[in-house]
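To start, the structure itself, in structure tokens.
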Amino acid sequence: LAHIALSEGRLTSALEEFEALLSVDAYRNAVPLYIGQILHQLDRHEDLVDRAPAWLGEEFDLRVTDREELARLLGTALFHLGDCQAAKPHLETAWKTMEASEKTPEFSYIVGSCRLANGEPRQAVTALMRATGDGNALDQYATHALGRTYLALDEKQKAQSAFAAAAGMDHDLELREDALFNHAKLA
């Protein structure tokens with residue numbers, strides 16, 4: 001029933017069904033990933049942060065790939081809650097184990113933003129570059145973050161160029177205004 005509810009997009013029902021399976025020994029190590037993915041899809045970041053560490057602990061015997069995905073989900077949840085310091089080990093674990101094709105623009109932006117927030121601008125550039133170039137709202141945020149990253153590295157021309165690119169997009173008008181301001185300051 002849990003898989004059927006999940007495949008039909010009934011996330012709350014699927015969550016309840018998977019929760020019930022946690023107490024069944026045969027499914028105990030298989031369901032944490034499903035629960036984590038559902039909590040992520042429901043934007044229940046606090047719940048994910050409360051529960052994922054136990055699943056990643058020694059009490060559960062998860063597959064390596066499930067552990068890696070749960071680390072990604074936990075790091076992403078911590079990012080959304082504004083705690084890049086706590087997110088760092090989980091995001092970096094996921095980043096190191098992912099294939100290049102799995103490093104989506106959204107995840108790359110999250111990793112890059114946390115690296116910048118944690119005082120690692122040089123490492124932030126690599127991730128943020130992967131999040132730019134699509135011309136969408138995420139591109140605007142990533143390009144603006146790239147401008148801040150280059151400022152932190154004292155690479156003013158690159159920062160100015162990134163801010164100009166972010167200012168040329170109009171997905172977020174406040175971000176555009178900030179990018180215009182920063183671009184003008186560097187001119």
Side-chain angles (χ1 to χ4, degrees), residues 2-3 5-9 11 14-15 18 29-45 47-49 51-53 55-56 60-150 152-153 155 158 161-162 165-166 168-169 171-172 175:
H3 279 284
L6 185 60
S7 69
E8 292 175 351
L11 298 178
L15 180 59
F18 281 117
N29 294 312
V31 297
L33 179 60
Y34 291 107
I35 294 170
Q37 289 171 332
I38 293 168
L39 291 174
H40 175 75
Q41 289 178 40
L42 293 172
D43 291 328
R44 289 178 49 185
H45 306 298
D47 291 338
L48 189 52
V49 168
R51 301 186 66 196
W55 297 329
L56 292 170
F60 285 82
D61 186 25
L62 305 180
R63 295 181 316 175
V64 171
T65 55
D66 289 0
R67 283 188 181 283
E68 292 165 355
E69 177 64 5
L70 279 169
R72 182 190 70 79
L73 294 170
L74 178 55
T76 299
L78 287 161
F79 165 80
H80 285 294
L81 294 174
D83 193 349
C84 280
Q85 188 68 37
K88 179 183 173 162
H90 308 292
L91 293 174
E92 294 299 338
T93 294
W95 186 264
K96 288 175 189 165
T97 60
M98 293 173 120
E99 298 291 327
S101 62
E102 296 173 309
K103 294 176 181 175
T104 66
E106 179 184 4
F107 186 65
S108 297
Y109 171 74
I110 289 169
V111 170
S113 294
C114 279
R115 286 175 175 173
L116 179 59
N118 288 325
E120 301 170 349
R122 183 119 0 249
Q123 295 84 353
V125 170
T126 307
L128 289 170
M129 289 295 290
R130 297 183 66 87
T132 62
D134 289 340
N136 56 19
L138 178 62
D139 184 5
Q140 186 179 17
Y141 281 97
T143 303
H144 186 275
L146 201 53
R148 293 191 333 266
T149 302
Y150 285 131
L153 293 169
E155 296 182 28
K158 288 181 178 180
S161 178
M169 297 179 236
H171 303 286
D172 183 316
L175 193 65

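Along the sequence shown, residues carry numbers from 1.
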Closest non-hydrogen atom pair between A142 and A131, with its separation
CB-CB, 3.6 Å
Is the shortest heavy-atom distance from the side chain of D66 to the side chain of P32 under 4.5 Å?
no
Per-pair distances, 0.1 Å, donor-acceptor, side chain in residues 68-78, under 3.5 Å, sequence neighbours excluded:
| unit_1 | atom_1 | unit_2 | atom_2 | d |
| --- | --- | --- | --- | --- |
| E69 | OE1 | R72 | NE | 3.1 |
| E69 | OE2 | R72 | NE | 3.3 |
| E69 | OE2 | R72 | NH2 | 2.6 |
| T76 | OG1 | R72 | O | 2.8 |

Considering residues, nucleotides and ligands other than Y109, do more than 12 of their heavy atoms fall under 6.0 Å from its OH?
yes
Could you report the tightest heavy-atom contact between T149 and A124, atom names first, then the distance?
CG2-CB, 4.0 Å
Could you list the residues that satisfy side-chain hydrogen bond (donor to acceptor under 3.5 Å, both in side chains) with E99, not counting sequence neighbours?
none
Is there a donor-acceptor pair closer than 3.5 Å between any side-chain N or O of T97 and the backbone N or O of A94?
yes
Which residue pairs pass the disulfide (SG to SG under 2.5 Å) test with at least one member in residues 97-132, sequence neighbours excluded?
C84-C114
Sorted by chain and number, sequence neighbours left out, ring-ring contact (aromatic ring centres under 6.0 Å, His included) with H45 holds for H80
How far apart are the closest heavy atoms of W55 and L62, and which atoms are they?
O-CD1, 3.3 Å
Rounded to the nearest 0.5 Å, how far does OH of Y150 lie from CD of E155?
6.5 Å
Taking side-chain contact (heavy atoms from CB on, under 4.5 Å) as the test, write out the residues that go with D47, two or more places apart.
L39, R44
Look up atom CG in L42 and atom CD in Q37, then write down how far apart they are to the nearest 0.5 Å.
12.0 Å
If you compare all heavy atoms of D134 against all heavy atoms of P105, which two are closest, and at what distance to 0.1 Å?
OD2-CG, 3.9 Å
Note: A145 and L116 closest approach over all heavy atoms is O-CD2, 3.9 Å
Partners of K103 by side-chain contact (heavy atoms from CB on, under 4.5 Å), sequence neighbours excluded?
W95, M98, S108, R130
Within the 6.0 Å centroid threshold, strictly below: H3 and F18
yes
Surrounding CD of E106 (heavy atoms of other residues, nucleotides or ligands, distance under 6.0 Å), is the total greater than 12?
no
Between CG on residue L91 and CZ on residue F107, distance to nearest 0.5 Å:
5.0 Å
Counting N and O atoms only, with roles assigned by atom type, does the side chain of R115 sit under 3.5 Å from a partner on the main chain of P121, one being a donor and the other an acceptor?
no
Drop me the distance from L48's CG to I38's CD1, to the nearest 0.5 angstrom.
11.5 Å
Under 3.5 Å donor-acceptor, N118 side chain and E120 backbone:
no
Do N29 side-chain atoms and F60 backbone N/O form a donor-acceptor pair below 3.5 Å?
no
If you round to the nearest 0.5 Å, how far is NE2 of H144 from CG of D139?
13.0 Å
Report the C-alpha distance between V111 and E92 in whole Å, list the side-chain angles of each, state the deciding distance to 0.1 Å, and finish with yes or no for side chain to side chain contact (heavy atoms under 4.5 Å, CB included).
CA-CA 8 Å; V111 170; E92 294 299 338; 4.2 Å; yes
Sub-3.5 Å donor-acceptor pair from the side chain of Q140 to the main-chain atoms of G135, do we have one?
no
Supply the atom-to-atom distance Q41 CD to L11 CG, rounded to the nearest 0.5 angstrom.
5.0 Å
